[in-house]
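In the text below, chain A, chain B and the rest are named by the order of the sequence lines, each starting its count at 1.
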Number of protein chains: 2
Amino acid sequence: MTVGIKDVAKAAGVSPATVSRALSGGPVSDELRAQVEAAVKATGYRPNLAARRLRSQQSGTIGLVVADLRNPFFTAVSRAVEDSAYRAGMRVILCNTDEDPEREALYLQLMQEERITGLIFAPTRTTLEQLSRRRLEFPTVLIDRASPAGLYDCVVLDNAAATGELVRHLIERGYRHIGGLFGNASVTGLERRDGYVAALNAAGLKPDFRLCAPSADAARSTLAGWFSSPDRPEALVVSNSLFLSGAVRAARAAGLSIPRDLALAGFDNEVWTELVEPGLTVIEQPVEDIGRQAMALLFERLQTPHLPVRKLVLSGRCVARGSTAARV
Amino acid sequence: MTVGIKDVAKAAGVSPATVSRALSGGPVSDELRAQVEAAVKATGYRPNLAARRLRSQQSGTIGLVVADLRNPFFTAVSRAVEDSAYRAGMRVILCNTDEDPEREALYLQLMQEERITGLIFAPTRTTLEQLSRRRLEFPTVLIDRASPAGLYDCVVLDNAAATGELVRHLIERGYRHIGGLFGNASVTGLERRDGYVAALNAAGLKPDFRLCAPSADAARSTLAGWFSSPDRPEALVVSNSLFLSGAVRAARAAGLSIPRDLALAGFDNEVWTELVEPGLTVIEQPVEDIGRQAMALLFERLQTPHLPVRKLVLSGRCVARGSTAARV
DNA sequence: GGGTTTTCTGAAAACGATTTCTGAAACGCG
DNA sequence: CGCGTTTCAGAAATCGTTTTCAGAAAACCC
């Protein structure tokens, strides 16, 4: 029942080949082109993408597989990626893995079945390891989480530097026993932990950190135990905004006042980090840039497949607020 | 270069037809099925979805077009929809319109080109009107925003009731001059306004509301003006969580203390509405239910196309917090 | 045991577009 | 004017599957 290219051809009095050429800007006389356009309008023809993709052997689709859409960091990056893609006339398939390696495997398989042109991916640690053994069959740019061996293009934050900045900021304000809470599922968490450890060591202070699953609730319960123990830290650095909300709740529950009893600093400049009282000190990531640059790297690789692998390291901006006021 | 069904057939010593049947659970002897599975594993075969969709004339894809992924309401609904879809063996194409009718039109066209099996859609007012004139060519379930004429299945919140509950809550706490701020892009905003007006009228009080574009910044600047004028309200009801953050910022900027100078209530129980001081009184929406039920309606319609149109109205839950403490 | 189902398999058509190939007409040029 | 070249249009092949069709073998039934 649906109108196909043959129907348009018949309506325009030309061959299907001519219709195809007219629509894709091929060599067609102005006269026929006009007839075709009129016929398209008259019939309401919409090309069948499945057929087009099959014949032309290109999907015109890029895959975007992120770890957690509830994390505003990823929604922001997604928007930037989508904008770039649509501007370039490409479609985007957006998938959400929930930091679950199984779902990652599932989606990677799906991407392959869709024959995507390229992939932008924020993998878990587990999948990242497999990725260095078995290369993906399509051009891939990793975001937020870098491949260690330099096998894939990637665009990431300078995690060590950013965390170091937070630590030094706290030290300057007079804090000495500075705890850390980092995600255990991504290399990002580990890199931030390393930056944290390095900065403390450089200052001659002792690191004291924990790792936990990447959810606000996991953070809250981990911290609840820590806060009620005798070795509770004076200050805390956490590795993302989910952890920040968990930390605030845990502090409230334990009756700790911020920053008097506990200074707090973390990542991602969400709206609410400013609205909460006191405001939270955070590292703001250049989210739009991350998305845009990832697409830029991907397009370059598509055009020139044998480019050397590039790693783009962007730096964050420290936004100081009341949660890290000077120690009294 | 990529391995196709013929290669698998050759490796398994059977015909392509048999491979296809073996993989789709058709009538194949156990012996051949095992051979095929072995061959699939050996060759690493992944079916080409474009070819499959073209031949079988079904995309196995449902479209999900939402208004704003930065709004956690929609990310939550999306997750529920995706879960249901994948459980049913369907894929999801997720699109973000930014409440922009042009992008909506673009995406609807794309959906048609993808020949999606069904659509779940949160349209703007503008598009909603067009939708009642020209029916979409695929089964559609509207979410969050109902079609007035009853042309499409939909699942929505009982906006009038929920807003009424907020208004009565404020009246009980002693507030009389209760302002309102509602989004102008969606029918949701208007329904909430109507509920607000009705509740105030019922109590013999005078409504005093404004409409604005659906963004936190628009809300903030609208309110900035209002707060500095002599007819500033004692309490404010706003129609979503973006407006809530805008309202808190505007109140801070104007030096208004919540709830002493301004009580505040709104929609969507985000994490931060509890973390902010004082906590914000909100209507919590049954987000998972909305997504799940939308998929349920869609599947039913796919199975039984001539079902009467159904409208599912879910009710919200009022979460009272400090921002609407009793008037002193 | 012969005829009728049933069960399984392979050959070939089909899905709806793009692309290659072929040819006709138009054009350029000495 | 004649010959090569270019330009444009249509016929037909093609993409990689699924599905129809037809047939062989097995199973079933008096």
Seminar exercise, completed: Nearest-nucleotide check on DNA chain C, S56(B) vs L32(B); residue mapping nearer the 5' end is L32(B)

Exercise. Do T117(B) and Q58(B) have side-chain atoms, one donor and one acceptor, less than 3.5 Å apart?
Worked result: no

Exercise. Does the side chain of T75(A) come under 3.5 Å of the side chain of S78(A) through a donor N or O and an acceptor N or O?
Worked result: no

Think [X] has a side-chain N or O under 4.0 angstrom from the OP1 or OP2 of [N]?
X	N	answer
Q57(A)	dT14(D)	no
Y45(A)	dA17(C)	yes
T18(B)	dT9(C)	no

Is the base of [N] touched by the side chain of [X] through a donor-acceptor pair closer than 3.5 angstrom?
X	N	answer
R53(B)	dG16(C)	no
R21(A)	dG10(D)	yes
R55(A)	dT18(C)	yes

Among [options], which nucleotide sits nearest the side chain of [X]?
X	options	value
S15(A)	dT18(D), dC8(C), dG10(D)	dG10(D)
V28(A)	dT17(D), dG16(C), dA9(D)	dA9(D)
A17(B)	dT17(D), dT19(D), dG10(D)	dT19(D)
S20(A)	dT17(D), dT18(C), dG10(C)	dT18(C)
A51(A)	dC21(C), dT9(C), dG16(C)	dG16(C)

For atom [atom1] of [X] and atom [atom2] of [N], their distance in whole Å:
X	N	atom1	atom2	answer
R115(B)	dG16(C)	CZ	C1'	9 Å
E114(A)	dT17(D)	CD	C1'	14 Å
I5(A)	dC15(C)	CD1	C1'	14 Å
E31(B)	dT9(C)	CD	P	8 Å
R52(A)	dG16(D)	CZ	C1'	18 Å
K10(A)	dG16(C)	NZ	C1'	14 Å
Q58(A)	dT14(D)	CD	P	19 Å
L54(B)	dG16(C)	CG	P	7 Å

Exercise. Below 4.0 angstrom, N of the basic side chain to O of the carboxylate: do R145(A) and E99(A) qualify?
Worked result: yes

Exercise. Would you find a donor on one side and an acceptor on the other, under 3.5 Å apart, between the side chain of D153(B) and the backbone of R310(B)?
Worked result: yes

Exercise. If only atom types and distance count, is the side chain of S59(B) paired as donor or acceptor with the main-chain N or O of R115(B) below 3.5 Å?
Worked result: yes

For this session: Determine the contact category for V19(A): base if any of its heavy atoms lies under 4.0 Å from a base atom, sugar-phosphate if only primed atoms, P, OP1 or OP2 are that close, otherwise nothing.
Result: nothing

Exercise. Is the NZ or CZ atom of R301(B) both under 6.0 Å from the centre of the six-membered ring of Y152(B) and within 45° of that ring's axis?
Worked result: no

